[in-house]
Amino acid sequence: MSATASESLSAQRNDPTFDDVWDEINWRGLVHVSTNADELKALLAGPPITYYCGFDPTAPSLHLGNLVQLLLLRRLQLAGHKPLGLVGGATGLIGDPRPTAERTLNDSETVAEWVQYLQAQVSKFLSTEGDNAVRMVNNLDWTSPMSAIDFLRDVGKYFRVGTMLKKEAVSARLNSDAGISFTEFSYQVMQGMDFLELYRTRDCMLQTGGSDQWGNLTSGTDLIHKAEGASAHAIGTPLITNSDGTKFGKSEGNAIWLDSTMTSPYAFYQFWLNTDDADVVQRLKIFTFLSRDQITELETAVADAPFRREAQKTLAFEVTSLVHGGAATEAAIAASAALFGQGELSSLDADTLAAALRELRHVETSAESTIVQLLVDTALVSSASEARRAISQGGVYLNNIAVADDQATLGGELLPGNVAVLRRGKKTLAGIFVSS
RNA sequence: GGCAUGUUACCCAAGUGGCCAAAGGGAUCUGACUGUAAAUCAGACUGCUUCGCAUUCGGGGGUUCGAAUCCCUCACAUGCCA
């Protein structure tokens, strides 16, 4: 990720037309489940409280699902509250139970490395200045020194197996033929301990997380109640889904990452630009800092003139700017305009074209290369067979002209600057730079 | 530890000796229609030197002219028993 995500921090603010941040996050659809709503509303409208959200290092980067959490943290910070960003150096070694199957454990060096990356990402979305600057914590710091005896005596006694078995994440796995290991079964205890630790040492009153983590969130509030006799709170955000029922945050089967080396700003921008009409308003609410009025206007625009796709363009601009910064966003927009514009590709000047192609996946090659090979090299397809199949289905275009022959080579079909645009389907593009 | 059952392509799931590269559904991809949208319709969806060949049905070994299908064994999972 570029270092520019923080450049927009100073421009962000909550919509002042809401009475308080609780009303705003509810309007934005960020609250799916929570502990007592009246208490939470009062708590959030009162003096600053400390709250946290955990991110487990299961990959070298956070993804779009995590962005929902990051923005919720930021909105609460804007309301004056004090965020803790927890990266789970310990829980990342355990793995929370997924509904389908047991996770493969990652080795501790890898996890430790990922912790570094995630901490850097998390801090970019939150202010690091002022009374309520974000503070980063790592649960490895308090779980690592603990002995198994301490764990079983001091923590384990508070947990009832019956309750643990009833958690959705656990029971789903018990009822499937995948079963569940003791390791993953224990995950909820680890997360509960985190909340208790932060309650004790940082006076942390609230934990946020995805609603699929609800069992783990309440594990913490229950533990605090039992161990300290105090009540703490939790907010579970909704699972973001597409209106057609498919998974949100995937493109071509791959996750959309926040790291620009894993998902390019261009691809990131395109992902948002392609948002369904039916989903775009909900996405604006969750993923942008636009005001209620601005979003209402865009909602009207979608209804009145859907073909202009104003809401999608705004959404793509806002979120890409937020994550990748202004410069990268401008480049992504320029590339999109050049490559999806109405005009002929050959009418673009060489510099514009080259800049646009560099935003895409691109390769350097010679004019003798076959189209099939180039499709494979640019990862537009995963095998030569798939490349031939794509060509025979009429789904491959070289400089906007359909390729008919699977024996074809690049030949002399070049654009200014000795480049070519290879396209698969309607909108999957790659750049070809021909070396002389 | 014992007995039983199960492990099929991205996911779910048929298939129980040849007609199986393996039914069906979902996801995905391509084409048509569009607005770089949705819905719909059509096609594709292991690989390759592609009218043919190679390699797949948890791993390994075996029986057979021939196995995803039978046998042995290992791993993992689920249930019951201890």
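Keep in mind that what you see is a predicted model, and the values were worked out from it rather than measured. Reckoned from all heavy atoms, side chains included, excluding hydrogens, waters and symmetry mates.
Ring geometry, A:His362 versus A:Phe433: the interplanar angle exceeds 60°, so the pair is classed perpendicular (tilted spans 30 to 60°).
Taking atom C1' in both B:G24 and B:G15, the straight-line distance is 11 Å, to the nearest Å. For the P atoms, the distance from B:G58 to B:A68 is 10 Å, rounded to whole Å. Rounded to a whole angstrom, the distance from the C1' atom of B:A67 to that of B:C19 is 15 Å.
Looking at heavy-atom distances under 4.0 Å, A:Arg388 makes contact with a base. Using a 4.0 Å heavy-atom cutoff across all strands shown, A:Asp276 reaches sugar-phosphate atoms only and no base atom.
Here the C1' atom of nucleotide B:C45 and the CD atom of A:Gln393 are 9 Å apart, to the nearest Å. In this structure, CG of A:Asp406 is placed 9 Å from P of B:U50, rounded to the nearest angstrom. Separating the CZ atom of A:Arg389 from the P atom of B:C48 is a distance of 9 Å, rounded to the nearest angstrom.
Within the shown strands, B:C81 is the pairing partner of B:G1 under the Watson-Crick or G-U definition, both distances less than 3.5 Å.
At the phosphate of B:U50, neither OP1 nor OP2 sits under 4.0 Å from any side-chain N or O atom of A:Ser385. Checking the phosphate oxygens (OP1, OP2) of B:A37, a side-chain nitrogen or oxygen of A:Lys427 falls inside 4.0 Å. Remark: A:Tyr397 is in phosphate contact with B:G31, judged by side-chain N or O atoms under 4.0 Å from OP1 or OP2.
In this structure, the nucleotide among B:A38, B:A44, B:U34 sitting nearest to the side chain of A:Lys426 is B:U34.
Here the options are A:Leu422, A:Asp377, A:Thr428, the test is side-chain contact (heavy atoms from CB on, under 4.5 Å), and the partner is A:Arg361; only A:Thr428 passes. Shown are A:Asn14, A:Leu72, A:Thr237; of these, the side-chain contact (heavy atoms from CB on, under 4.5 Å) with A:Ile25 is made only by A:Leu72. Each of A:Leu126, A:Val21, A:Leu9 was compared with A:Gln77 under the side-chain contact (heavy atoms from CB on, under 4.5 Å) criterion, and only A:Leu126 meets it.
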